[in-house]
Amino acid sequence: MRISVSSDMDEPVARSLVAELRSRGHEVRTHGALRPGDDPRWAVCSEAAAREVAAGTSDQAIVCCWTGTGASIAANKVPGVRAALCTDAYTADGARRWNDANVLALSLRLTSEPLLKEILDAWFAAQASEDADDRENVAHVGRLDLGG
C-alpha cells in the first residue's frame with residue numbers, strides 16, 4: 001500500500017512511524033519535517049499528504065502534529081478525505097469501520113511506540129462497514145465535500 005506520511009516535527013515517534021510502515025511492507029511518501037527541504041508547517045504538510053489520497057496517488061495517509069488536531073483539521077479540508085484523530089486502537093478501528101476514514105491523524109505528544117503499533121494494527125485490520133446506515137453517513141460526508 002502507498003501511504004503518505006506528514007509531520008510538522010522530526011520527533012522520534014514520527015521516525016518510528018515511517019520505519020514501522022516500511023517494515024510492514026508499505027511504500028511511504030514523506031512530507032514536512034520528515035522530508036529535507038519540505039515545508040514543515042502542519043497545515044501545509046498535512047494538506048500535501050491528504051491531497052495525495054484525494055488524487056489517488058496514495059492509498060491512505062497518516063498526518064502528525066503535536067496534538068494531532070491541526071493535522072486532522074487541515075487534512076479534512078481536502079475534498080474526499082476523511083481524517084480521524086486516533087489516540088487508541090479502539091478509536092482507530094471505529095474510524096476505519098464506521099467512518100471509512102482514509103487518513104489517520106496522530107498526536108506526536110500522546111503516541112508512544114507501543115501505542116503506535118496498536119493503533120496501526122487496528123487501523124490496518126479494520127474494514128469499512130457494509131451496514132446501510134454507516135454507508136449512508138459516509139455518503140453524506142461526501143456530499144458535504146461538494147457543498148451539499
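The basis for the numbers below is simple: all heavy atoms, side chains too, and nothing from hydrogens, waters or symmetry mates.
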Go through it in stages, so that I can follow the logic: the residues are Trp66 and Glu11, the test is side-chain hydrogen bond (donor to acceptor under 3.5 Å, both in side chains), and I'd like the CA-CA distance, side-chain angles, deciding distance and then a yes or no.
CA-CA 9 Å; Trp66 191 243; Glu11 290 287 314; over 6 Å; no
Worked verdict on His31 versus Glu52 for side-chain hydrogen bond (donor to acceptor under 3.5 Å, both in side chains):
CA-CA 11 Å; His31 297 277; Glu52 290 182 344; 3.1 Å; yes
Derivation and outcome, side-chain contact (heavy atoms from CB on, under 4.5 Å), residues Gln60 and Met1:
CA-CA 8 Å; Gln60 295 182 4; Met1 184 181 303; 3.8 Å; yes
Would Val13 and Ser112 count as a side-chain contact (heavy atoms from CB on, under 4.5 Å) here? Give the steps.
CA-CA 7 Å; Val13 71; Ser112 65; over 6 Å; no
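Side-chain atoms of Val63 and Leu104, non-hydrogen and from C-beta on, never get closer than 4.5 Å to each other. Side-chain atoms of Arg15 and Val18, non-hydrogen and from C-beta on, never get closer than 4.5 Å to each other. Taking 4.5 Å as the limit, some side-chain heavy atom of Cys64 sits within range of a side-chain heavy atom of Leu17. Between Asp8 and Leu108 there is a side-chain heavy-atom pair separated by less than 4.5 Å. For the pair Leu21 and Phe124, the minimum side-chain heavy-atom distance is below 4.5 Å. Contact check for Ser129 versus Arg135: no side-chain heavy atoms found under the 4.5 Å cut-off.
A donor-acceptor distance shorter than 3.5 angstrom exists from the side chain of Asp88 to the backbone of Tyr90, with no hydrogens or angles considered. A donor-acceptor contact shorter than 3.5 Å is absent between the side chain of Asp145 and the backbone of Pro79. The closest donor-acceptor contact from the side chain of Ser7 to the backbone of Asp10 lies at 3.5 Å or more, if one exists at all. Side chain of Ser107 to main chain of Leu110: a donor-acceptor pair is present (N/O by atom type, distance under 3.5 Å, no hydrogens or angles). A donor-acceptor pair under 3.5 Å is absent between the side-chain atoms of Arg51 and the main chain of Val78, judged by distance alone. Without hydrogens or angle criteria, Asp121 side chain to Leu116 main chain gives no donor-acceptor distance under 3.5 Å. Using a distance-only test at 3.5 Å, with no hydrogens or angles considered, a donor-acceptor pair links the side chain of Asn76 to the main chain of Ser72.
The two residues Cys45 and Pro40 make their nearest non-hydrogen contact at SG-O, 3.9 Å. Of all heavy-atom pairs between Thr111 and Leu115, the closest is CA-CD2, 4.3 Å. Shown here for Ala61 and Ala49, the closest heavy-atom pair between the two residues is CB-O, 3.8 Å. Trp123 and Ala92 get closest at one heavy-atom pair: CE3-O, 3.8 Å. Closest of all the heavy-atom pairs between Thr67 and Gly70 is OG1-N, 4.2 Å. Smallest separation of non-hydrogen atoms from Arg96 and Ala126: CB-CB, 3.6 Å.
The hydrophobic clustering, which links ILVMFWY residues whose side-chain heavy atoms are closer than 4.5 Å, places Val138 and Val53 apart. The hydrophobic clustering, which links ILVMFWY residues whose side-chain heavy atoms are closer than 4.5 Å, places Val81 and Val5 apart.
Remark: Glu20 engages Arg24 in a salt bridge, criterion side-chain N to carboxylate O under 4.0 Å. At a threshold of 4.0 Å, the pair Glu136-Arg143 counts as salt-bridged, since one of the basic side-chain nitrogens sits closer than that to a carboxylate oxygen. The pair Asp100-Arg82 meets the salt-bridge criterion, since a charged nitrogen lies less than 4.0 angstrom from a carboxylate oxygen.
The OG atom of Ser4 sits 5.5 Å away from atom CZ of Arg29, with the distance rounded to the nearest 0.5 Å.
Of the candidates Val103, Val28, Ile119, Ile3, Ile3 is the only one forming a side chain to side chain contact (heavy atoms under 4.5 Å, CB included) with Ile62.
Heavy atoms of other residues, nucleotides or ligands lying less than 6.0 angstrom from CZ of Arg109 number 12 at most.
Residues meeting the salt bridge (charged side-chain N to carboxylate O under 4.0 Å, His left out) test with Asp59, sequence neighbours left out: Arg2.
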